[in-house]
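These numbers were taken from a predicted model, which means no experiment stands behind them.
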Amino acid sequence: MNSPSAPTADPSGAGASGAGASGAGASGPVGRALLPATAEIDSAGRLRVGGVDLVGLADEFGTPLFVYDESHLRARCREAVEAWGDGVAYATKAFLCVAMARLAYEEGMCLDVSTGGELHVALSAGVPAERLVLHGSNKSEEELTAALGVGVGRIVIDSFDEIDRLQRLLAASPVRPKVLARITPGVEVHTHEFVRTGQDDSKFGFGLTSGSAAQAVERLSELDARGVVEFVGIHAHLGSQVFALAPFARAVEVLADFFAPLGLPELVVGGGLGVAYVNGEEAPPMVQWASSVRRACSQAGIHDSVRVTAEPGRAIVATAGITLYRVGTIKDVAGHRIYVSVDGGMSDNPRPVLYGSGYEAFLPREAASARPMPIRLVGKHCESGDVVVAEGYVPDDLVVGDVLATPVTGAYGHSMASNYNKVPRPAVVFVADGEARTVVRRETLDDLVRLDV
Ligand code: LLP
């Protein structure tokens, strides 16, 4: 067994907004850094993850298939807990099912749930309510009631309407929830505008510059004094797929003058740590993210006793996941390009369509081979925009029937999957120690009509 080759340089810098894997180096093998931790190439050149052959997995479980390296997931959770300490929460929106919720809890993480649905899945997994943090920019009365009923660990308050709602619900209740106020610090990050959240012009939280944050703090302090809530901290989330650490430090600096005088015990800097999607990209390790935030905190005069934590989603699950597809057609459109069509597409990975995100494609049956053939990898949906990899490269012996893989699909793929064109959603398998287990079964055709009455 040998390891897949080291990443090749991609001077095109296909980055956070993901222009795709183009430019010199793009046609080398997929970089090791884009593959799950246990990935290895066997003597026949085939890729195994968790000791399991990927082509064999596709044969056994069908395609499209989400494959997660369980020990990679566990290691990332442990790394988060080591870097941030107790209280660090896994942002379940990145990928959630009962098995994932349980895994994150077992590895010592809290779980950030942002809807009643995510709350339900986490509770169904047996995660104790006190390990859950309820988020959401428009929490309904039902969601708040459910969260208060089970006793979630924290509620992150996002609006004055939510304070009103909570106050009403708690009027005749002995429950005294721990709450944080979500603040938008007015710090912009360089990522896709759809996933930027820390700037003033945002639907999220209370603006610092507008004075809303101060008003929210006033109201929550008053509710705390009356014993209605326990006001424990301030939360800020800047955005997602952020490669630079400076904006996080900048946010701490901006928040510090506001936060420090409040004397609150908790500060949460949100999620957002970026991950590499294509050859040549590099993202900072979790521990560096945490230490740079902590350094910024002490420089800004935030007391050591404050619990400073975060809520990573993508950085926990993205690289652990690979999607396996089956190639159905290869169409050489003369004078233009070669279209390779697979049996999934925008229904299992809407990120390229939504954000122009770049991915790599490779053949697990020859994972260390060069990929000299430029292609466009497309799905089976009825629209031209159904692109999985706009500018991909594959080995030139690719044939119909091949299992084709896209790495780094563990975050915001399954969780944003749809039934567009009534395509059943893929199964999810966890692989570890030579075994594969289904954690989410594939949808059936009957599932497609189960809600019709
Ligand atoms: N905390 C809060 C309050 C959030 O809103 C988010 C993500 C996270 C934590 C986790 O962020 P992460 O560590 O995963 O970057 N669908 C988009 C990403 C949307 C992120 C929304 N909020 C994508 O596929 O890129």
Side-chain angles (χ1 to χ4, degrees), residues 7 15-18 31-39 66 68-96 100-101 103-105 107-114 118 133 135 189-192 195-198 235-249 251 268-278 281-294 308-322 349 351 355 357-359 407-416:
S17 62
R32 180 65 186 90
L34 303 183
L35 297 173
T38 67
F66 285 102
Y68 283 84
D69 179 349
E70 188 172 339
S71 69
H72 184 126
L73 290 171
R74 291 189 183 279
R76 296 300 281 158
C77 290
R78 282 198 294 270
E79 204 180 320
V81 175
E82 261 162 48
W84 291 101
D86 187 43
V88 61
Y90 166 58
T92 61
K93 68 204 80 179
F95 166 57
L96 180 61
M100 182 61 211
L103 183 154
Y105 167 62
E107 296 302 342
M109 294 191 83
C110 288
L111 273 70
D112 144 11
V113 291
S114 59
E118 289 177 352
V133 182
H135 267 283
V189 291
H190 295 284
T191 187
H192 194 286
V195 294
R196 239 183 262 157
T197 43
H235 172 286
H237 170 74
L238 303 183
S240 200
Q241 183 57 355
V242 180
F243 279 108
L245 295 178
F248 293 100
V268 183
V269 297
L273 183 67
V275 306
Y277 278 89
V278 295
E281 281 184 343
E282 222 176 298
M286 188 94 61
V287 64
Q288 212 172 310
W289 181 35
S291 57
S292 97
V293 166
R294 258 198 298 274
V308 179
T309 58
E311 46 200 27
R314 191 190 312 267
I316 302 290
V317 292
T319 318
I322 289 187
N349 186 1
R351 301 193 67 259
Y355 320 116
S357 308
Y359 286 87
V408 203
T409 54
Y412 303 108
H414 182 266
S415 67
M416 293 204 295

- Sequence neighbours excluded, the answer for side chain to side chain contact (heavy atoms under 4.5 Å, CB included) partners of Ala411 is Ala94, Arg314, Val317, Ala318
- Item | Any residue meeting side chain to side chain contact (heavy atoms under 4.5 Å, CB included) with Ser415, in chain and number order, not counting sequence neighbours | Tyr412
- Message: Nearest 0.5 angstrom please: Arg351 CZ to Tyr277 OH, how far?
- Response: 4.0 Å
- Task: Compare every heavy atom of Tyr90 with every heavy atom of Met109, then report the nearest pair and how far apart it is.
- Result: CE-N, 3.5 Å
- Message: Walk me through whether Glu107 and Val81 qualify under side chain to side chain contact (heavy atoms under 4.5 Å, CB included).
- Response: CA-CA 8 Å; Glu107 296 302 342; Val81 175; 5.9 Å; no
- Item | Atom of Leu34, atom of Pro407 and distance for their closest heavy-atom approach | O-CB, 3.5 Å
- Would Phe66 and Phe95 count as a close aromatic pair, with their ring centres under 6.0 Å? no
Atom pairs and distances, side-chain donor-acceptor, residues 284-293, under 3.5 Å, sequence neighbours left out:
from, atom 1, to, atom 2, distance (Å)
Ser291, OG, Val287, O, 3.0
Ser291, OG, Gln288, O, 3.3
Ser292, OG, Trp289, O, 3.4

- Message: Quick check for you: to the nearest 0.5 Å, what is the distance between His414 atom NE2 and Thr409 atom OG1?
- Response: 11.0 Å
- Message: Could you measure the distance from the CG atom of Asp69 to the CD1 atom of Ile322? Nearest 0.5 Å is fine.
- Response: 8.5 Å
- Just wondering, do Thr38 and His72 contact through their side chains at under 4.5 Å, heavy atoms? no
- For Pro247 against Ala244, the heavy-atom pair lying closest together: CD-O, 3.3 Å
- Message: Please determine whether a side-chain nitrogen of the Lys or Arg among Arg78 and Glu82 lies less than 4.0 Å from a carboxylate oxygen of the Asp or Glu.
- Response: no
- Note on the structure: CE (Met416) and CG (Asn349) are apart, to the nearest 0.5 Å, by 7.5 Å
- Message: Nearest 0.5 Å, please: how far is CZ in Phe243 from CD in Glu282?
- Response: 9.5 Å
- Step through it carefully: locate the ring centre of His135, locate the ring centre of His237, and say whether they are under 6.0 Å apart. no
- Item | Smallest separation among heavy atoms of Asp86 and Gly108, with atom names | OD1-O, 4.3 Å
- Are Ser114 and Asp112 close enough that a side-chain donor and a side-chain acceptor fall under 3.5 Å? no
- Query: Can you tell me if Arg32 uses its side chain to pair, donor with acceptor, with the backbone of Leu35 under 3.5 Å?
  - Reply: yes
- If we only count heavy atoms from C-beta on, is the Leu273 to Leu245 side-chain gap below 4.5 Å? yes
- Considering all heavy atoms of both residues, which atom of Phe248 and which atom of Val242 are nearest to each other, and what is their separation? CE1-CG1, 3.8 Å
- Message: Less than 4.5 Å apart, side chain to side chain, heavy atoms only: is that true for Cys77 and Val88?
- Response: no
- Query: Do the side chains of Thr92 and Met100 get nearer than 4.5 Å, heavy atoms only?
  - Reply: no
- Do you know the tightest heavy-atom contact between Ile316 and Ala80? CD1-CB, 3.9 Å
